[in-house]
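All values below come from the heavy atoms of this structure, side chains included, with hydrogens, waters and symmetry mates left out.
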Amino acid sequence: MKLTGERPMQGETPDSLLALHAAGYREVRERMGTGRFLDVGCGLGDESVGFTGGGRLVVGIDYDPETAATAARTHGGAGLRTECADGSMLGLATGSFDDVCSSHLIEHFVDPEPHVREVARVLAEDGTAFFLTPNAPADFENPYHVHLFTPDTLRAMLERHFGSVEIWGLDGDEAVKEDFATRRATAERLLRLDPLGIRHKLPRGAFVWLHATGRRVAYRYTNSGQTGGASGITEEGFALIEDIDDTTLVLFAICRQPIR
């Protein structure tokens with residue numbers, strides 16, 4: 001599987017980013033029921049597989065055929081089922097899942113409304129949907145993130161599709177914040193190599209390629225102390241908070257009462 005810097009990959013993605021994703025899924029597990037679970041945007045399934053067991057049906061969706069197939073090969077024996085589908089056009093029956101998770105996916109849609117509508121559609125009447133997405137003021141420049149949210153804009157969108165919406169923050173401790181600040185500083189130094197903003201004038205495909213290539217090169221020189229547990233950062237360094245500010249890393253939405 002090719003490293004782009006966007007899809008989490010064990011041994012390649014910095015510990016802090018893997019831990020952030022793991023912490024988000026941990027919070028979902030603590031709040032979900034025991035029925036059918038759908039993970040939209042499951043990637044390689046490394047977190048989705050943690051929901052299997054106890055006879056629960058767990059289905060992961062990814063838009064990339066190779067990624068969905070890899071997840072099935074890696075985790076199918078543990079009970080994870082995967083399908084290749086667009087998160088805005090799910091080929092699933094209405095009301096067929098008791099819990100649905102969309103983790104770090106909604107920001108990838110130019111128009112995220114169809115994705116949210118589909119999550120509400122496949123959610124059972126008494127089910128719960130979870131949306132995790134970067135907090136716009138805290139996000140790094142990222143060409144894959146084409147629709148960022150603040151707490152207010154995320155709530156406004158979700159309330160068009162759910163009768164009950166709670167917005168929390170998922171944030172890190174001092175060590176996590178220091179790690180993110182260091183990586184942000186590195187990114188800003190790299191961006192200063194393009195003072196005229198030429199990257200933004202390139203065709204989108206060229207900009208994405210440049211970004212992915214830059215991340216692969218940067219990871220080669222910076223990841224020696226940031227991957228494989230070397231940093232010491234784990235999911236325990238993250239927690240849900242009520243008071244969200246511009247430094248809060250991630251928005252965590254809990255949605256019930258789907259509107260169809």
Side-chain angles (χ1 to χ4, degrees), residues 4-8 17 20-21 24-25 27-28 31-32 37-43 47-48 59-64 67-68 82-97 99-124 127-170 200 204-205 207-208 211-212 240 244 246 248-260:
T4 66
E6 182 63 13
R7 191 184 302 281
L17 292 178
L20 182 149
H21 282 262
Y25 277 106
E27 298 298 331
V28 170
R31 291 161 177 80
M32 64 182 288
F37 178 77
L38 177 67
D39 188 14
V40 188
C42 67
E47 296 296 342
S48 313
V59 177
I61 298 289
D62 199 275
Y63 79 100
D64 179 63
T67 301
T82 63
E83 298 287 344
C84 180
D86 187 324
S88 63
M89 295 183 291
L90 299 172
L92 301 167
T94 298
S96 54
F97 286 89
D99 295 282
V100 182
C101 178
S102 168
S103 177
H104 296 272
L105 178 63
I106 191 173
E107 66 272 11
H108 293 260
F109 291 97
V110 174
D111 178 9
E113 196 97 26
H115 169 59
V116 176
R117 185 182 302 118
E118 277 291 86
V119 170
R121 183 185 67 78
V122 301
L123 184 68
T128 305
F130 304 89
F131 292 89
L132 290 80
T133 189
N135 183 26
D139 197 44
F140 299 165
E141 178 176 301
N142 188 331
Y144 297 101
H145 294 180
V146 296
H147 199 120
L148 291 170
F149 293 89
T150 65
D152 288 342
T153 59
L154 181 61
R155 179 183 294 279
M157 168 168 283
L158 296 177
E159 285 184 342
R160 291 195 288 272
H161 302 279
F162 297 93
S164 170
V165 176
E166 302 174 32
I167 305 290
W168 296 73
L170 179 65
H200 295 302
R204 172 164 171 76
F207 182 25
V208 170
H211 179 87
L240 285 192
I244 302 171
D246 286 353
T248 303
L249 297 173
V250 169
L251 304 177
F252 184 100
I254 304 172
C255 305
R256 300 182 178 90
Q257 301 171 19
I259 299 171
R260 295 193 273 266

Main-chain N/O of A68 paired with T82 side-chain donor or acceptor, under 3.5 Å: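 Checking the backbone N and O of A68 against the side chain of T82, a donor-acceptor pair under 3.5 Å is found.
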Polar side-chain atom of R160 near backbone of V116 as donor-acceptor pair, under 3.5 Å: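 Pair absent, no side-chain N/O of R160 close to backbone of V116.
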Between [X] and [Y], is any pair of side-chain heavy atoms under 4.5 Å apart?
X	Y	answer
Y144	H108	yes
P151	N135	yes
V40	V122	no
L240	R31	yes
R121	H161	no

Residues that F37 engages under ring pair (Phe, Tyr, Trp, His ring centres under 6.0 Å), provided they are two or more places apart: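 Residues passing ring pair (Phe, Tyr, Trp, His ring centres under 6.0 Å) with F37: F51.
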Within this structure, what is the [atom1]-[atom2] distance for the pair [X] and [Y], rounded to the nearest 0.5 Å?
X	Y	atom1	atom2	answer
S102	I61	OG	CD1	12.0 Å
L123	R260	CG	CZ	7.0 Å
E27	L132	CD	CG	9.0 Å
D64	C84	CG	SG	7.0 Å
D39	D99	CG	CG	11.5 Å
R117	M157	CZ	CE	9.0 Å

Indicate the ring-plane relationship of [X] and [Y], choosing parallel, tilted or perpendicular according to the 30° and 60° boundaries.
X	Y	answer
H104	H21	tilted
F252	F130	tilted
F131	F162	perpendicular

G41 to D62 - nearest heavy-atom pair and separation: C-OD2, 4.2 Å
Heavy-atom pair with the smallest gap, counting every atom of G169 and T248: CA-CG2, 3.8 Å
T133: side chain to side chain contact (heavy atoms under 4.5 Å, CB included) partners, not counting sequence neighbours: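 Side chain to side chain contact (heavy atoms under 4.5 Å, CB included) check on T133 returns I106, E107, F149, L154, L251.
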Steps toward side chain to side chain donor-acceptor pair (under 3.5 Å) verdict (D86, S88): CA-CA 5 Å; D86 187 324; S88 63; 2.8 Å; yes
